[in-house]
Amino acid sequence: MTHLPAHLAAIEHIYLDRSARDEPLTARVLDRLPGLPLTEREDEAGPVEHPGTGQALWLRRFKGRFLRPCPGTRIYHCCAYQIAHIGENCPMSCTYCILQAYFQDRTLKVWTNRDDFLEELDRTFSEDPTRRWRIGTGEFTDSLALEALTGLSGDLVEFLGRFPNVCLELKSKIVDLSWTPRVPRPDRVLPAWSLNAPQIVATQEQGTASLEERLQAARTCADAGFKVCLHFDPIIHFPGWQEGYSRTIKMIGDMLAPEHVAYISLGSFRHMPELAGIIARRHPQAGYVHGEFVPGLDGKMRLLRPLRVEQFTFLAARLTALGFGPALYFCMESDEVWRAVLGRTPGEFGGLGRYLMDRAFGGERDSG
Ligand code: SF4
């Protein structure tokens, strides 16, 4: 039996749609999960309803568009990032995870029609080679959580070697660097890790790598010529947050230098109203969910603005003192918050999407 990382140990059953049976990606996954019970099913059989307590893996073809804009809003500044949709759900369990509101089940879905995926990317990116793209796979799943089974990030980075106009971000909370030897251009791939205060990692992020492991992996990537991204998202308001986030920022300063980092996002915990109930029911340890939240203009609940600004200011000051100031941006915040914390608004520097694009491409300015 292949040695699997701990975060995949709960997978106990494979469901396979008939039309996915002969896909090369299916063969690869089955080869890496020998001996697990497998149920073959008709494509039209509806969602998988797995009766067990462990996790189910569902191998199926995806029929929609693989590439789509990140659902930011026009009210807040969004980062103009495109989602490459590789599958749904995640084997780890973070109490605040938004996927709990997106999906009713915890079935890990892998799209097996990799050739359709790559063909769509090929068509899109070939259309205008002067147009730059910033894409990522970590929106509906963790980018690397299933890499040990699918090898899909490895396939993707290799394929994207033909497209110098595309920068791929791989966002994760685990460590899997198996794809790195397949990268033709490290300057077009951004390994990214989400970070939090040590107490939050320990109590709210089940199955993830430790902070030390994440930052060590980021350093390994930086030494191999990649720029890395860090995401403080979601920043949680909890007793002792100052000390917790200070410790994490100190660890960043010990492991990484500003020139290693493309960007660092700061995003306060925000949620659709229905997510709060799900979190409270499933995760009694998630006391932060009972904090002071108000509805934002996008319908999501957010921490009261003075508290958000206080936390952002605290983190930004410490990261700036270590030289990471130019890398900072906010995920989904208004001009008021930008100005209060960083003293500048995206409109003053050409827009957030463009700024991040330039940083993703190593400071190369867009000619357009
Ligand atoms: S690692 Fe990311 S995708 Fe997975 S459970 Fe945690 S927040 Fe959700």
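Each ligand, and each atom within it, is numbered from 1 in the order the structure gives.
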Tell me, please, whether Phe361 has Arg132 positioned over its six-membered ring: NZ or CZ under 6.0 Å from the ring centre and within 45 degrees of its axis?
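Judged by the rule, Arg132 and Phe361 form a cation-pi pair.
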Within the 3.5 Å criterion, strictly below it, is a donor on Tyr15 or His50 matched to an acceptor on the partner's side chain?
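Indeed, the side chains of Tyr15 and His50 share at least one donor-acceptor pair under 3.5 Å.
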Give the table of side-chain donor-acceptor pairs shorter than 3.5 Å for residues 226-240, with sequence neighbours excluded, one pair per line with atom names and distance.
| residue | atom | partner | partner atom | Å |
| --- | --- | --- | --- | --- |
| Lys227 | NZ | Glu259 | O | 2.9 |
| His231 | ND1 | Ser265 | OG | 2.7 |
| His231 | NE2 | Glu169 | OE2 | 2.6 |
| Asp233 | OD1 | Arg270 | NH1 | 3.3 |
| Asp233 | OD2 | Arg270 | NH2 | 3.3 |
| His237 | NE2 | Trp241 | NE1 | 3.4 |

Output yes when a side-chain donor or acceptor of Arg32 lies under 3.5 Å from a complementary backbone atom of Ala148, and no otherwise.
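Yes.
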Would you call Glu88 and His85 a side-chain contact if the rule is heavy atoms closer than 4.5 Å?
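Answer yes - side chains close enough.
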Around atom 4 (Fe) of ligand 1, list the protein N/O/S atoms within a radius below 2.8 Å, excluding water molecules.
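Listed by chain and number, the atoms are Cys90 SG.
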Atom of Arg182, atom of Gly151 and distance for their closest heavy-atom approach:
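Looks like NH1-O, 3.9 Å.
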